[in-house]
Amino acid sequence: MRWRHSIVTVTWVSVLVLGCSAPEETVSAIGTPDSDNAPLWVYTVNYPLAYLAERIGGSEVEAVLPVPAGNDPAYWSPDAETVAAYQSADLILLNGAGYAQWVGRVTLPETRLVDTSVGFRDSLLPLDDGPVHTHGPEGEHSHTGYAFTTWLDPTLAIAHAAAIRDALGAARPERRGAFQSAFERLEADLRAVDERWSAVASTLDGEPLLFSHPVYQYLARRFALNAESVHWEPDSAPDEAQWQALDALLADHPARWMIWEAEPLPEVVERLRAAGVESLVYRPNALPPMEADLLEASLEDLAAIDAAVSAAGRPSG
């Protein structure tokens, strides 16, 4: 399956593995490129890394994310044949911070592994043990170790991109100049997101916020957002104990906004509104968004947040 991005003309290749092997021709192509001009087959563990790789690599890169739709790439595990496809890739891009823990349970070629967080390891945020909960087909899990949605901080997304630029340049030295030029265009786009978020943070001016899930830590740190997180899922209704916990949280943290990973259920939106909390969406986009690329989706969500916060003005009292 292929996607076209409108900002830069690139091709996105995804092998969707639903309990079956990757297409034979795909694995063969990765292992035995047709010529020296064949694109680099770059396997990734999430969509943001694939987007960054194709923005930088252009036609030199085919980025592959073999995660079935509806799965969270952070907790998904590949079958044996998909692991074999990773092993045959020219490069394997890792997010770092403990993302995709299956990587530590299989044998992958070390010379082709690229930890794209290596430049900012010292600034990773540790997590306390979180409650065990379920979302998607991955089953029960808790948020422990390090926060790993690093790319939500645009400056860390740039650091991921720089590591990818360097890895592509090492693989194709004759293309380093082109990779650098593409990186600079990508960096400018990400800095525009950073500036837009800075403007929203300035409008909020320390006003309390809620996040529906503990995945926005790097965003909150980057823009000094006064935010608390709950463990709610957009596709299910909280139970009464969760609503009572929210009431207690709002007593000390009187937020007017909750930022969600996806559109919440209408009945949840209405009950939150009755409590004085409006719902906004800022998608992490660990998988490709339906009708946009990473940058477009981020700017779309950010524009809606900016408009809502600006229209509401400062809280009374």
Side-chain angles (χ1 to χ4, degrees), residues 5 7 46-52 72-74 95 97 99 125 127 130 135-136 143 147-158 160-161 186 189-236 238 246 249 253 255-266 268-269 272-273 277-312:
H5 299 314
I7 295 177
N46 59 34
Y47 168 64
L49 295 180
Y51 172 78
L52 298 176
D72 185 341
N95 188 82
Y99 194 97
L125 293 171
L127 296 173
H135 53 86
H143 293 253
F148 49 61
T149 46
T150 46
W151 64 89
L152 292 181
D153 175 345
T155 64
L156 296 187
I158 291 169
H160 281 297
L186 172 59
D189 286 342
L190 292 171
R191 292 207 181 279
V193 175
D194 191 67
E195 291 170 5
R196 190 73 179 270
W197 259 116
S198 294
V200 170
S202 179
T203 301
L204 287 167
D205 193 25
E207 180 179 343
L209 289 175
L210 292 172
F211 291 132
S212 69
H213 215 69
V215 296
Y216 295 98
Q217 297 92 339
Y218 294 100
L219 184 74
R221 181 180 69 180
R222 169 63 182 162
F223 301 107
L225 301 176
N226 180 17
E228 295 286 345
S229 296
V230 294
H231 284 76
W232 291 15
E233 305 299 337
D235 58 354
S236 61
L246 179 67
L249 177 58
H253 188 77
R256 293 190 296 166
W257 314 100
M258 180 183 285
I259 296 179
W260 293 78
E261 299 170 281
E263 290 289 345
L265 297 174
V268 176
V269 172
L272 281 170
R273 182 171 291 142
V277 179
E278 293 292 332
S279 296
L280 302 169
V281 173
Y282 194 70
R283 293 165 285 179
N285 294 310
L287 287 173
M290 293 297 293
E291 297 180 355
D293 63 29
L294 179 69
L295 181 65
E296 293 167 336
S298 298
L299 289 173
E300 177 184 327
D301 291 345
L302 185 49
I305 292 171
D306 191 2
V309 170
S310 297

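Just so you know, these numbers use all the heavy atoms, side chains as well, and skip hydrogens, waters and symmetry mates.
- Ring geometry for His213 against His231 counts as perpendicular: the plane angle is over 60°, on a 0 to 90° scale with 30° as the lower cut.
- Here Asp72 contributes atom CG and Glu261 contributes atom CD; the two are 8.0 Å apart, rounded to the nearest 0.5 Å.
- The distance from atom OH of Tyr51 to atom CD of Glu296, rounded to the nearest 0.5 Å, is 7.0 Å.
- Proximity of Val268 to Trp260: side-chain heavy atoms (C-beta onward) are separated by under 4.5 Å at one or more points.
- Leu204 places none of its side-chain heavy atoms less than 4.5 Å from the side chain of Asn226.
- The distance from atom CH2 of Trp232 to atom CZ of Phe211, rounded to the nearest 0.5 Å, is 15.0 Å.
- Counting only heavy atoms from C-beta outward, the side chains of Pro289 and Arg283 approach each other to under 4.5 Å.
- Residues Val215 and Pro284 share a closest heavy-atom pair of CG2-CG, 4.4 Å.
- Atom CG of Leu49 is separated from atom OH of Tyr99 by 8.0 Å, given to the nearest 0.5 angstrom.
- Across Ala147 and Leu127, no two heavy atoms sit closer than the pair N-CG, 3.5 Å.
- A donor atom on one side chain and an acceptor atom on the other are found under 3.5 Å apart for Trp197 and Tyr282.
- Applying the side-chain hydrogen bond (donor to acceptor under 3.5 Å, both in side chains) test to Ser310 and every residue at least two apart in sequence or in another chain returns Asp306.
- Residues Leu302 and Ser298 fail the side-chain proximity criterion, which asks for heavy atoms closer than 4.5 Å.
- Closest non-hydrogen pair, Ala312 versus Trp257, comes out as CB-CZ2, 3.5 Å.
- Looking at Tyr47, its side chain does come within 3.5 Å of a backbone N or O of Leu294 through a donor-acceptor pair.
- Here the closest heavy-atom approach between residue Ile259 and residue Val281 is recorded as CG2-C, 4.5 Å.
- When side chains are defined from C-beta on, Leu152 does not count as touching Gln217, because their heavy atoms never get closer than 4.5 Å.
- Inter-residue side-chain proximity for Leu246 and Leu210 is flagged as met; some heavy-atom pair is nearer than 4.5 Å.
- In this structure, Glu300 has no side-chain hydrogen bond (donor to acceptor under 3.5 Å, both in side chains) partners at least two apart in sequence or on a different chain.
- Listed here is the closest heavy atom pair of Leu219 and Leu225: O-CD1, 4.1 Å.
- The shortest heavy-atom contact between Thr149 and Tyr216 is OG1-N, 4.4 Å.
- Here the side chain of Asn46 pairs no donor or acceptor atom with the backbone of Pro73 at under 3.5 angstrom.
- Rounding to the nearest 0.5 Å places CG of Asp235 at 12.5 Å from CD of Glu263.
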(request) Walk me through it: do Glu278 and Arg273 pass the test salt bridge (Lys or Arg N to Asp or Glu O under 4.0 Å)? (result) CA-CA 5 Å; Glu278 293 292 332; Arg273 182 171 291 142; 3.0 Å; yes

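- Contact check for Val230 versus Met258: side-chain heavy atoms found under the 4.5 Å cut-off.
- Every residue two or more places apart in sequence or in another chain was checked for a side-chain hydrogen bond (donor to acceptor under 3.5 Å, both in side chains) with Ser229, and none qualifies.
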Worksheet item: Does the pair Leu190 and Trp151 meet the rule for a side-chain contact (heavy atoms from CB on, under 4.5 Å), with working shown?
Response: CA-CA 10 Å; Leu190 292 171; Trp151 64 89; over 6 Å; no

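- Between Leu156 and Arg222 the shortest side-chain heavy-atom distance does not fall below 4.5 Å.
- Rounding to the nearest 0.5 Å places CG of Asp194 at 4.0 Å from CZ of Phe223.
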